[in-house]
Amino acid sequence: MYTDKVMDHFSNPRNVGEIENANGVGEVGNASCGDIMKIYLKVEDNVIQDVKFKTFGCGAAIATSSMVTEMAIGKTIDEALVLTNQTVAEALDGLPPAKMHCSNLAADALHEAIKNYKEQNA
Ligand code: FES
């Protein structure tokens with residue numbers, strides 16, 4: 001049902017935790033299942049230097065959270081804004097159709113954190 005990449009990121013999630021002096025924080029919840037994801041960003045000169053996450057959710061939510069952190073690190077905030085639930089799911093070699101909604105959490109939380117960063121630095 002799940003790809004090897006999903007199982008890898010679920011079993012060994014990357015970048016778990018929080019960044020103490022984060023300059024962008026985003027939190028989203030999935031109303032249908034109650035799962036919650038929070039993303040912390042450390043941005044310097046518009047480049048994402050570090051990303052950490054905390055997810056209270058299903059395996060697919062944890063795997064997509066982990067993947068989105070890896071995809072965002074090193075990108076400019078504008079490049080990171082282009083990441084979508086679709087690109088995150090593709091990077092994991094796909095998710096079962098019933099689990100595609102879980103990947104929304106990861107992309108949405110990242111976008112919220114970038115929005116928060118932009119608000120702080122407007
Ligand atoms: Fe809630 Fe997957 S079931 S995010």
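Only a predicted model underlies this, so the values are computations on that prediction, with no experimental measurement involved. Both counts, for ligands and for their atoms, begin at 1 and track the order of listing.
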Peer 1: For the backbone of Val43 and the side chain of Asn23, can you confirm whether one donor and one acceptor N or O come within less than 3.5 Å of each other?
Peer 2: yes
Peer 1: Decide whether the shortest distance between a heavy atom of Met37 and an atom of ligand 1 is less than 4.0 Å.
Peer 2: no
Peer 1: Under a 4.0 angstrom heavy-atom cut-off, which atoms of ligand 1 come close to Ala61?
Peer 2: 4 (S)
Peer 1: For ligand 1, does Cys102 get within less than 4.0 Å through its side chain, its backbone, both, or neither, judged by non-hydrogen atoms?
Peer 2: both
Peer 1: Is atom 2 (Fe) of ligand 1 under 2.8 Å from any N, O or S atom of Cys58?
Peer 2: yes
Peer 1: Distance-only, no hydrogens or angles: does the Thr87 side chain make a donor-acceptor pair with backbone N or O of Leu83 under 3.5 Å?
Peer 2: no
Peer 1: Ignoring hydrogens and angles, tell me if any N or O in the side chain of Asn116 forms a donor-acceptor pair with the backbone of Val25 under 3.5 Å.
Peer 2: yes
Peer 1: Check each atom of ligand 1 against the heavy atoms of Cys33 and keep those under 4.0 Å away; list them by number with element.
Peer 2: 1 (Fe), 3 (S), 4 (S)
Peer 1: Counting N and O atoms only, with roles assigned by atom type, does the side chain of Thr76 sit under 3.5 Å from a partner on the main chain of Asn46, one being a donor and the other an acceptor?
Peer 2: no
Peer 1: Per the salt bridge (charged side-chain N to carboxylate O under 4.0 Å, His left out) rule, what does the pair list look like for residues 77-88, sequence neighbours excluded?
Peer 2: Asp78-Lys118
Peer 1: Suppose we only allow N, O or S atoms; which atom of Asp35 ends up nearest to atom 1 (Fe) of ligand 1?
Peer 2: OD2
